[in-house]
Engineer: 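The structure's right below; bear with me while I get my questions together.
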Amino acid sequence: MAIKAVRGFKDILPEEALARVRIEDTAREIFDLCGLKEIRTPILEKTEVFKRGIGEHTDIVEKEMYTFLDRNGDSLTLRPEATAGIVRAVIQHKLYGKSPLLKLFTMGPMFRHERPQKGRLRQFHQVNVEYLGSREPASDAEIVWLAWEMVTRLAGSEDLLVEINSLGCEKCRPLHRADLKVYLENNKGDLCEDCQRRMKLNPLRIFDCKNEECRRNLLLAPVMKHYLCPDCSEHLGAVLDILEAYGVPFVQNPYLVRGLDYYVRTTFEITSKRLGAQSTVAAGGRYDGLVGLMGGPDIPGVGMAVGVERLLLLMEGSVAPKGIDLFIAALGQDARDESYFWIGYLRRKGVGVEFSFEDKSLKAQMKQADKAGARYCLIVGEQELDKEVAILRDMETKQQEEIELDDLPEALVERIRNKKAGD
RNA sequence: GUGGGCGUAGCUCAGUUGGUUAGAGCGUCGGGUUGUGGCCCCGGAGGCCGAGGGUUCAAAUCCCUCCGCUCACCCCA
């Protein structure tokens, strides 16, 4: 049996790679509009980084990380998300000293040992944005806008849902948590097995439960919305106002919760009905305590991540492969020998050129030209060499013209540039 | 980690109640006069029928085990 890639790790074949480049290009374009800078941190970090950053008692840390001992006994982990590593780097290099506000982005692979399914791989990719240094609602709103802009530019806005909630802060959140626990304790018997478990670990997660009965029982449960302190409440209101001004359509979802410990206040999620069970294409929120938690100064933060594989699912085949400018079909050794000079010249001038490495029939070479998506095909054989010309065929219109060999490469560059300009 | 569905050419899939040399479409390669692509026609190559075991005169087909893929739970981007 031939060797296959590891479960949950996928080869990215040319067609998909093209779509990914499009995502990356679009992301950079949008990020430039807001003045973000790119940062690239290692894929491998000390396990400690994620334990502290994500939270010791999250599923990610407890059972989904690729953790192993290095040869010298250090516990290392393949990053399951980007934020913790970026925060580590910001602290290590004291980047916050260079500017009061850091607007950072990164893109790359993340690793989580989960059971693969639609929109969920063990090696998956994210485009991440982290703003460090602002508590202002305008920064929350900009983060949501970036996520929205990215997803809609690439996949349209159809079937998308933007949900927003506030998780409160360290002042008001504990009150809600306490009341919620009491409520759950009293209704314990009506909750499903999973929720019984969630009750202890992360009570807020119960709001995510898909069980009909649980949902009904939670209708009367205390909701964070009613516990927000004046500051948090005002903050949320301001974020929503700005989003409205930006034209981002959203709904408030008081039940929206995040899986990671470090989130406070604003939390949001963009989902699509077209995605299946893993419906979140982008998500994020505010994490004011994280930098401090990881040993840095008390710097607030907001961030988001776009799931690349999920975005790809929404884009499905909308990226057309690009063809080549010119295919040279040379017949016979003399013509081939002659053509190498042109090929070198044209490529240096930025003209894309392909040709057949094998000495094939003209018909076979034309077929190859067609498959390569060539806009022009240059045909040269003995007859042409005798007349000191070459035939240039426009593959679309089938028009052919003879070009003198004397100034052939220059003439080709000009024709092809004009053609491109006309497109 | 727990369930459901599925593994037959490169891809998408047929394959009748077990029966002899396992098929189609697409793709690929070649040909349809000597030098002109896509469409059409003809032809070729390409399969340990996921792996191993069992039942049987006979297994792609029935049974068991394992592996893989996939969807869902869980979790989350």
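By convention in this document, chain letters (A, B, ...) are assigned in the order of the sequence lines, proteins followed by strands, and residues within each chain are numbered from 1. Both backbone and side-chain heavy atoms feed into the values below; hydrogens, waters and symmetry mates do not.
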Engineer: At their closest point, which heavy atom of A:Glu402 faces which heavy atom of A:Ile391, and how far apart are they?
Structural biologist: CG-CG1, 4.5 Å
Engineer: Send over the distance from A:Lys360 NZ to B:C29 P, rounded to a whole Å.
Structural biologist: 7 Å
Engineer: Could you point out which residue of A:Arg20, A:Arg120, A:Arg122 forms a salt bridge (Lys or Arg N to Asp or Glu O under 4.0 Å) with A:Glu309?
Structural biologist: A:Arg20
Engineer: Counting only N and O atoms by type, is there a donor-acceptor contact under 3.5 Å from the side chain of A:Arg347 to the main-chain atoms of A:Val353?
Structural biologist: yes
Engineer: Between A:Asn165 and A:Leu256, which heavy-atom pair has the shortest distance, and what is it?
Structural biologist: ND2-O, 2.9 Å
Engineer: When we call it a touch if two heavy atoms are under 4.0 Å apart, what does A:Val308 touch: a base, just sugar-phosphate, or nothing?
Structural biologist: nothing
Engineer: How many Å lie between CG on A:Leu160 and C1' on B:A77, as a whole number?
Structural biologist: 14 Å
Engineer: Rounding to an integer number of angstrom, what distance separates B:G7 and B:C66 when you compare their C1' atoms?
Structural biologist: 14 Å
Engineer: Say you pick atom P in B:C69 and the same atom in B:U28; how far apart are they, in whole Å?
Structural biologist: 29 Å
Engineer: In whole angstrom, give me the gap between the C1' atoms of B:U21 and B:A60.
Structural biologist: 15 Å
Engineer: Which of residues 283-291 of chain A sit near RNA chain B, with a heavy atom under 4.0 Å from it?
Structural biologist: A:Ala283
Engineer: Taking only the P atom of each, what is the distance from B:U61 to B:G15 in whole angstrom?
Structural biologist: 15 Å
Engineer: Nearest 0.5 Å, what's the CG-CD1 distance between A:Leu240 and A:Ile242?
Structural biologist: 9.5 Å
Engineer: I need the minimum non-hydrogen distance between A:Asn253 and A:Glu163, along with the two atoms involved.
Structural biologist: ND2-OE2, 2.9 Å
Engineer: Looking at every heavy atom in both A:Asp325 and A:Gly350, which two are closest together, and how far apart are they?
Structural biologist: OD2-O, 4.1 Å
Engineer: Roughly, in whole Å, what's the span from CZ in A:Arg122 to C1' in B:A77?
Structural biologist: 17 Å
Engineer: Please identify which of these residues, A:Glu130, A:Arg88, A:Gln126, meets the side-chain hydrogen bond (donor to acceptor under 3.5 Å, both in side chains) condition with A:Thr83.
Structural biologist: A:Glu130
Engineer: For nucleotides 41-47 of chain B, print each protein N/O atom paired with a nucleotide N/O atom at under 3.5 Å, atom names and distance only.
Structural biologist:
none

Engineer: Do nucleotides 34-40 of chain B as a string where each nucleotide becomes B, S or -: B if the base has a protein heavy atom under 4.0 Å, S if just the sugar-phosphate does, - if no protein is that close.
Structural biologist: -BBBB--
Engineer: Check the side chains of A:Asp140 and A:Tyr131 for a donor-acceptor pair under 3.5 angstrom, ignoring hydrogens and angles.
Structural biologist: no
Engineer: Using a cut-off of 4.0 Å between protein heavy atoms and nucleotide atoms, how would you tag nucleotides 67-72 of chain B 5' to 3' with B, S and -?
Structural biologist: -SS-SB
Engineer: Rounded off to whole Å, could you give me the NZ-to-P distance for the A:Lys63 and B:C76 pair?
Structural biologist: 10 Å
Engineer: Under 3.5 Å for both pairing distances: what stems, at least three Watson-Crick or G-U pairs long, include RNA chain B?
Structural biologist: B:1-7 with B:67-73, B:10-13 with B:23-26, B:28-32 with B:40-44, B:50-54 with B:62-66
Engineer: Looking only at atom C1', what distance separates B:C67 and B:G32, rounded to whole Å?
Structural biologist: 48 Å
Engineer: A:Glu354 side chain to A:Phe327 main-chain N or O, any donor-acceptor pair under 3.5 Å?
Structural biologist: no
Engineer: How many whole angstroms separate atom CD of A:Glu15 from atom C1' of B:C11?
Structural biologist: 12 Å
Engineer: If you look only at pairs with a residue in residues 355-392 of chain A, which of them pass as a ring-ring contact (aromatic ring centres under 6.0 Å, His included), with sequence neighbours excluded?
Structural biologist: A:Tyr340-A:Phe355, A:Phe355-A:Phe357
Engineer: With rounding to whole Å, what would you report as the distance between B:G38 and B:G19 at their P atoms?
Structural biologist: 42 Å
Engineer: Would you say the side-chain atoms of A:Arg274 pair up with the backbone N or O of A:Leu314, donor to acceptor, closer than 3.5 Å?
Structural biologist: yes
Engineer: Please measure how far the C1' atom in B:C57 lies from the corresponding atom in B:G18, and state the result in whole Å.
Structural biologist: 12 Å
Engineer: With the side chain counted from C-beta on, respond yes when A:Val90 and A:Tyr96 share a heavy-atom pair under 4.5 Å apart, and no when they do not.
Structural biologist: yes
Engineer: When you check the side-chain N and O atoms of A:Thr280 and A:Thr271, is any donor under 3.5 Å from an acceptor?
Structural biologist: no
Engineer: How close or far is atom C1' of B:A77 from atom CG of A:Asn128, stated in whole angstroms?
Structural biologist: 8 Å
Engineer: Which residue is it: A:Asp407, A:Leu378, A:Val351? I am looking for the one with a side-chain contact (heavy atoms from CB on, under 4.5 Å) to A:Leu412.
Structural biologist: A:Leu378
Engineer: When you compare the side chains of A:Thr47 and A:Ser75, does any donor N or O come within less than 3.5 Å of an acceptor on the partner?
Structural biologist: yes
Engineer: Could you state the atom-to-atom distance from CD of A:Glu114 to P of B:C76 in whole Å?
Structural biologist: 8 Å
Engineer: Would you say the side-chain atoms of A:Ser166 and A:Arg286 include a donor-acceptor pair closer than 3.5 Å?
Structural biologist: no
Engineer: Calculate the interatomic distance between A:Arg112 atom CZ and B:A77 atom C1'; express it in whole Å.
Structural biologist: 7 Å
Engineer: Using the P atoms only, state how far B:C29 lies from B:G46, rounded to an integer number of Å.
Structural biologist: 16 Å
